[in-house]
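Here's the structure we're looking at; comments come further down.
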Amino acid sequence: MGDLLTPLLAALAAGVLFTRGFAAVRRRGAGHEAGWDRAALFAAGLLAGVLGLVLFHEAASERASAHMVQHVLVGDLAPALLLVALRGALFQAVVPAPLRRLATRLRPGPSLAAWAVLLWFWHVPAVYDRALSFEALHVGQHASFLLGGLLLWNQLVDPAGMRRLSLWGSLGYALAAMMGAQALVAVLVLSYRPLYAYGSASDQSLAGLVMTLEQFATLGAFAFFRLRAHFRAPLSLSDEHPLRA
């Protein structure tokens, strides 16, 4: 139960911060930057992370494929949705100042490297199996995936509007992330025996398929909306936020 209480409390705290910031932006008359679509995206991000951990809690202790569902929901889909919701004024209103300063100082290269290191580290068989045996380590694993996802998607979504990545730079960045994940998928799928203490080789291959499908869905959606925003924007507005619809 302890490993579920932590994400529930974290989601509650995030929800309170968002509600306060959302209301403040709307009171300032900037409703166009705090529409209900943003609230829906933020709620979807919280649900993706929390429900992923809750609904797949038991199955994840028995199957690598179910555990992978948890990993991609917590470490990829949830961070993407949360940061898309927080673009612009909401980022300033919702995110505490120390975290805002940290987010604006992060560079694309180190962020991508940290994301890849966390992804691969926790899938090393000895580390992965150890996390299954110790609750505190398991909580740390999921927290690390969330952190890695926030590092990656902070650069792609750019909620603070730092514009460190150009159009093609951001697409290349997404492709690099895809390649890093697919290298891990290749290890899972091509291994002739189970790498972890539970499951089967076929279930392990299914885990690789789960990661592939989720990566194509999230990074593919990013590429689509990034390109759409670029080609729809008039030349006079070329310096607008890259994901603004």
Mark yes or no for whether [X], through its side chain, and [Y], through its backbone, hold a donor-acceptor pair below 3.5 Å.
X      : Y      : result
Gln141 : His71  : no
Arg164 : Thr104 : yes
Ser191 : Leu188 : no
Asp203 : Arg63  : no
Tyr192 : Ala201 : no
Arg87  : Arg38  : no
Tyr173 : Gln155 : no
Arg20  : Leu17  : no

For side chain to side chain contact (heavy atoms under 4.5 Å, CB included), just list the numbers for Val157 and Phe91, CA-CA rounded to whole Å, side-chain angles, deciding distance to a tenth of an Å, and then say yes or no. CA-CA 12 Å; Val157 174; Phe91 181 77; over 6 Å; no
To the closest 0.5 Å, what do you measure between [atom1] ([X]) and [atom2] ([Y])?
X      : Y      : atom1 : atom2 : value
His138 : Thr6   : NE2   : OG1   : 12.0 Å
Asp158 : Trp153 : CG    : CH2   : 13.0 Å
Leu147 : Leu152 : CG    : CG    : 11.5 Å
Leu55  : Leu47  : CG    : CG    : 10.0 Å
Glu214 : Leu209 : CD    : CG    : 12.0 Å

Using every non-hydrogen atom in the two residues, find where [X] and [Y] come nearest and quote the distance to one decimal.
X      : Y      : answer
Leu90  : Ala85  : CD1-O, 3.4 Å
Leu77  : Ala48  : CD2-CB, 4.1 Å
Trp122 : Ser144 : NE1-CB, 3.2 Å

With side chain to side chain contact (heavy atoms under 4.5 Å, CB included) as the criterion, how do Leu150 and Leu146 come out once you've worked through the C-alpha distance, each side chain's angles and the decisive distance to 0.1 Å? CA-CA 6 Å; Leu150 290 171; Leu146 176 61; 4.2 Å; yes
Is [Y] reachable from [X] through a run of I, L, V, M, F, W or Y residues, each pair having side-chain heavy atoms under 4.5 Å apart?
X      : Y      : value
Leu195 : Val210 : yes
Phe56  : Met211 : yes
Val16  : Leu8   : no
Met179 : Leu190 : no
Trp115 : Val124 : yes

For the residue pair Tyr128 and His123, does the interplanar ring angle fall in the parallel (under 30°), tilted (30 to 60°) or perpendicular (over 60°) class? tilted
Does the plane of the ring in Phe22 sit parallel, tilted or perpendicular to the ring in Phe18? Use 30° and 60° as the thresholds. parallel
Check whether the side chains of His67 and Tyr196 place a donor and an acceptor atom closer than 3.5 Å, and report yes or no.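 Short answer, no.
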For Arg26 and Trp36: C-alpha separation, side-chain torsions, deciding distance, then whether side chain to side chain contact (heavy atoms under 4.5 Å, CB included) applies. CA-CA 10 Å; Arg26 291 183 70 87; Trp36 291 106; 3.6 Å; yes
Would you sort out whether Leu132 and Tyr198 count as a side chain to side chain contact (heavy atoms under 4.5 Å, CB included), showing the intermediate values? CA-CA 10 Å; Leu132 290 176; Tyr198 66 123; 3.1 Å; yes
With a 4.5 Å cut-off on side-chain heavy atoms, are Leu81 and Phe42 touching?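 Contact flag for Phe42/Leu81 side chains = no.
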Using side-chain hydrogen bond (donor to acceptor under 3.5 Å, both in side chains) as the criterion, list what pairs up with Gln204, not counting sequence neighbours.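 Checked Gln204 against side-chain hydrogen bond (donor to acceptor under 3.5 Å, both in side chains); zero matches.
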